[in-house]
**Q** 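Sharing a structure, written as structure tokens. Questions coming.
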Amino acid sequence: MLDVALQCGWMVRVALAAIAVAVLPGTLTVLAWYPRASFSLLECLSLGLAVGLGLNELLTIAAIGVHWSAGVSLAILAGLVLLSAVPAWRRRRAITLAPGETVAIATLVVLSVGLYAVGSRYDNVEDRIHIAIAERLAYLPAPSFRTLYYSPGVVYTYPFPGTHYLVALIARAGSMPVLFAYAKLRPLWGCAALVLLYGCARRLFDSHLLAIAVLLTSRSE
């Protein structure tokens with residue numbers, strides 16, 4: 001029983017850190033500045049994820065280009081959340097549950113639990129390289145092109161690794177090992193893929209129910 005409680009506690013910890021870094025800043029930015037009076041919940045999440053991932057990439061470029069630490073980036077995100085929360089609250093955007101969204105969200109929750117239990121692989125060379133880069137991004141006081149790679153003096157061929165930086169920030173925000181975050185963030189990638197797919201389908205087909213159908217019939221691993 002104690003082991004189950006610990007596992008649930010870590011799952012909640014990972015979820016809260018991922019939401020705080022990847023979802024909340026973008027969602028509050030959308031609610032504060034997007035010229036719409038109302039959103040469905042999934043629509044709001046899809047827009048928030050898209051904006052949040054874009055903000056993360058901008059932070060990656062700035063952190064590596066200007067050489068500031070992950071702690072500075074987390075402080076910037078916290079400041080953005082506070083600055084966006086006030087106008088978002090004042091504008092009081094209506095967030096509703098559109099038809100079919102309860103089923104879609106329940107599906108995402110079940111998928112998240114399954115993906116968390118399975119986790120991501122970390123026992124091959126390529127995964128270890130990704131983990132090493134995320135680890136360095138999490139703890140280097142002044143990251144740069146020449147210090148990202150684990151081998152000294154090698155310039156990393158992908159100079160602005162946004163997904164690596166997102167893992168690093170989530171690990172720092174949740175005070176968890178980067179290796180653990182890398183393995184247990186699979187629910188974030190799986191659910192983000194489906195929610196963003198929903199958002200694209202909603203815009204392309206201009207139909208909420210069709211977008212829900214696309215989400216429910218898509219495959220995410």
Side-chain angles (χ1 to χ4, degrees), residues 7-8 10-58 60 77 81 84 88 91-121 130 161-167 169-170 173-174 181-221:
Q7 290 292 337
C8 291
W10 275 105
M11 184 165 61
V12 171
R13 188 169 178 173
V14 171
L16 290 177
I19 291 169
V21 173
V23 182
L24 188 61
T27 301
L28 284 177
T29 300
V30 168
L31 292 176
W33 309 113
Y34 197 87
R36 284 271 301 276
S38 64
F39 304 86
S40 74
L41 180 57
L42 277 178
E43 188 180 21
C44 185
L45 286 177
S46 65
L47 290 170
L49 263 173
V51 173
L53 293 176
L55 290 172
N56 174 76
E57 190 59 44
L58 290 176
T60 306
L77 282 178
V81 166
S84 299
R91 296 185 180 188
R92 297 186 182 275
R93 311 289 193 187
I95 300 178
T96 61
L97 270 176
E101 283 198 347
T102 303
V103 174
I105 291 169
T107 301
L108 291 174
V109 171
V110 172
L111 176 67
S112 296
V113 174
L115 291 178
Y116 181 89
V118 174
S120 298
R121 294 186 60 183
H130 294 317
T163 53
H164 300 70
Y165 201 57
L166 187 62
V167 172
L169 292 182
I170 290 172
Y182 182 90
K184 292 303 184 181
L185 278 176
R186 194 170 181 179
L188 173 63
W189 312 128
C191 290
L194 293 179
V195 171
L196 291 172
L197 183 61
Y198 162 88
C200 291
R202 178 72 183 268
R203 300 295 286 179
L204 284 172
F205 303 119
D206 195 23
S207 170
H208 168 72
L209 291 178
L210 187 55
I212 289 285
V214 169
L215 184 153
L216 292 177
T217 56
S218 299
R219 180 179 178 183
S220 178
E221 297 181 352

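Nothing fancy with the numbering, it's 1 onward along the sequence. The basis for the numbers below is simple: all heavy atoms, side chains too, and nothing from hydrogens, waters or symmetry mates.
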**Q** For residues A22 and L49, report the shortest heavy-atom separation together with the two atoms involved.
**A**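 Shortest heavy-atom separation between A22 and L49 comes out as O-CD2, 4.1 Å.
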
**Q** Compare every heavy atom of E43 with every heavy atom of Y198, then report the nearest pair and how far apart it is.
**A** CE2-N, 3.6 Å

**Q** Which heavy-atom pair separates R186 from G119 by the least distance, and what is that distance?
**A** NH1-O, 2.7 Å

**Q** Measuring from L215:CG to C191:SG, what's the distance to the nearest 0.5 Å?
**A** 9.0 Å

**Q** For the atom pair CZ (R93) and OH (Y34), what is the distance rounded to the nearest 0.5 Å?
**A**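 Nearest 0.5 Å value for the CZ-OH distance: 10.5 Å.
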
**Q** Can you name the closest pair of heavy atoms from T27 and C44 and give their distance?
**A** CG2-SG, 3.6 Å

**Q** For the atom pair CZ (R203) and CG (L47), what is the distance rounded to the nearest 0.5 Å?
**A**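 The CG atom of L47 is 7.5 Å from CZ of R203, to the nearest 0.5 Å.
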
**Q** Between L196 and S46, what is the shortest heavy-atom contact and its length?
**A**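 Of all heavy-atom pairs spanning L196 and S46, the closest is CD2-O, 3.6 Å.
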
**Q** Is any side-chain heavy atom of N56 less than 4.5 Å from a side-chain heavy atom of T60?
**A** yes

**Q** Tell me which donor-acceptor pairs under 3.5 Å the side chains of residues 97-117 have, and how far apart each pair is, sequence neighbours excluded?
**A**
residue: E101; atom: OE1; partner: L41; partner atom: N; Å: 3.3
residue: E101; atom: OE1; partner: A98; partner atom: N; Å: 3.4
residue: E101; atom: OE2; partner: S40; partner atom: OG; Å: 2.8
residue: E101; atom: OE2; partner: L42; partner atom: N; Å: 3.3
residue: T107; atom: OG1; partner: V103; partner atom: O; Å: 2.8
residue: S112; atom: OG; partner: L108; partner atom: O; Å: 2.8
residue: Y116; atom: OH; partner: M11; partner atom: N; Å: 3.4

**Q** If you compare all heavy atoms of S84 against all heavy atoms of A32, which two are closest, and at what distance to 0.1 Å?
**A** O-CB, 3.4 Å

**Q** Rounded at 0.5 Å granularity, tell me how far CG in L185 sits from CD1 in I170.
**A**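 Answer for the CG-CD1 pair, L185 versus I170, is 4.5 Å.
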
